[in-house]
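Every number for a ligand or one of its atoms is a count from 1 in the order of the listing. Just so you know, these numbers use all the heavy atoms, side chains as well, and skip hydrogens, waters and symmetry mates. Given the structure is predicted, the values throughout are model-derived calculations rather than measurements.
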Amino acid sequence: MTTTRFAPSPTGYIHIGNLRTALMNFLIARKAGGTFILRIDDTDPERSKQEYVDAIKEDLEWLGLTWDRVERQSERLDRYAEAADTLRGMGRFYEAFETPTELDLKRKKQLNMGRPPVYDRAALGLSEEQKEALRAERGDGVWRFKLDHERIDWDDGILGDISIDAASVSDPVLIRGDGQVLYTLASVVDDTEMGVTHVVRGSDHVTNTATQIQIIEALGGSVPQFAHHSLLTGPQGESLSKRLGTLSLRDLRAQGVEPMALLSLMARLGSADPVELRTDMAELIEGFDISRFGSAPTKFDANDLFPLTARVLQGRDFADVKAHIVALGVPEDQAERFWSVTRENITTLQDLEGWWIMFRDGAEPVIDDEDREFVAEALALLPEGPHDGDTWGQWTSVVKEQTGRKGKGLFMPLRKALTGQNHGPDMSQVLPLLQVIKAKG
Ligand code: GLU
């Protein structure tokens, strides 16, 4: 059965780049009728925070990216220890004692000699006595996985055929000196034991994938289908890495971005298919095809989310926004009218408040000098409220008769006097909503 996972580390809020990963894995699982796991990669006890676990869940729930179960790496440490023992038993795991400074020096020397900065496996030559002495002096070493020096090949779901020479990669450290299991091992154990069939993640993980394939094989697991999506850049192709903090999902939510606008964009951005607004998750799932994505960096512009958000709102049923509108203070019996008047004139739901303030408090009237007398005369003819959908038509006929004005010369000064603007929603709908007629005084 198709099984995918989204595996954030709870060390911060999730951002637009993480969303791409989450969404692709979600869509693959749902399209295949499979399982989508939310895996919390919290093996780092210092940096992982429950507050971020809660925030990640809240963000995914907001988007409707529901998971079938949650796994936490911190609860599976015994599984990782067992896998480490297996690798030790196979002779694929060795302890190394170099300090970060020593490793850095080695790398610099290699680079100076024009060689790739790959760990030289010096620790493999240590005798038991030397290791004892180093342990006494420096504490426990790190544990490295001994790669087989052959080519590692896979057919990537996005990048196509990939072939990496294992000799060009350092033997990965899987356990730190303080005993902390690192992601590279934990992830492999989880993917294998949880039956993960597809792994989609960012192309910054390509080298990890190469080493993980060998670890999976060493542990007797089956290698999932890997796909690496390109990294997102800003609209000009600039790196987003420093700005991702401001592109967190909660920021976008706070700016009023609608979930389906965000999902519709991200399900297509970087693919050969055009972005199409979907208001229904089933359609989004149906229309997703990972093989349509390309390897080139993908330009992301947060501004694109707003026209899509406006379109989502235009299609929204009154029933779905009623509570929100009533909470603004709009009288219940006017709420539906308020929605039909404003829906075409907002970008985000937050814009409703401005409209409501306008209807409630009245706009600053705009009256041109040559219209002053006309407007005063017309307003004197306006019947006392409450007004309904017919009031505007009846009133303007009377005004027309009394003043002789017609067409634009009749309607525009009245619109400007009542709303302060020369454009906007149908006045017959606006009038009943105006709680005070400021221009009257
Ligand atoms: N916790 C890892 C990350 O956030 C997961 C990567 C993966 O999908 O394997 O980068």
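Salt bridge E336/K322: absent, no basic N to carboxylate O contact under 4.0 Å. Salt-bridge annotation for R79 and E193: present, with a side-chain N of the basic residue lying under 4.0 Å from a carboxylate O of the acidic one.
Nearest protein neighbour of atom 8 (O) of ligand 1, counting heavy atoms only, is R5 NH1, 2.7 Å. The protein non-hydrogen atom at the shortest distance from atom 4 (O) of ligand 1 is A7 O, 3.5 Å. Closest protein heavy atom to atom 10 (O) of ligand 1: H205 NE2, 3.0 Å. The protein heavy-atom contact nearest to atom 6 (C) of ligand 1 is Y183 OH, 3.2 Å.
Residues F36 and H198 place their aromatic rings such that the two centres sit no closer than 6.0 Å.
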Requested in this report: Could you give me the CA-CA distance, side-chain angles and deciding distance for R5 and E71, then say whether salt bridge (charged side-chain N to carboxylate O under 4.0 Å, His left out) is met?
Outcome: CA-CA 10 Å; R5 79 314 191 270; E71 298 281 357; over 6 Å; no

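In terms of polar-atom proximity, V199 is not counted as a contact of ligand 1, lacking any N or O under 3.5 Å from an N or O of the ligand.
Annotation for ligand 1: atoms under 4.0 Å from non-hydrogen atoms of R201 are 7 (C), 8 (O), 9 (O). The atoms of ligand 1 that sit less than 4.0 Å from any heavy atom of D41 are 1 (N), 2 (C), 5 (C).
When heavy-atom distances to ligand 1 are checked against a 4.0 Å cut-off, F6 has no atom that comes that close, whether in backbone or side chain.
Figure legend: cation-pi geometry between R144 and F93 absent, as NZ or CZ is not positioned both under 6.0 Å from the six-membered ring centre and within 45° of its axis. Under the 6.0 Å distance and 45° angle rule, R88 counts as a cation-pi partner of W143.
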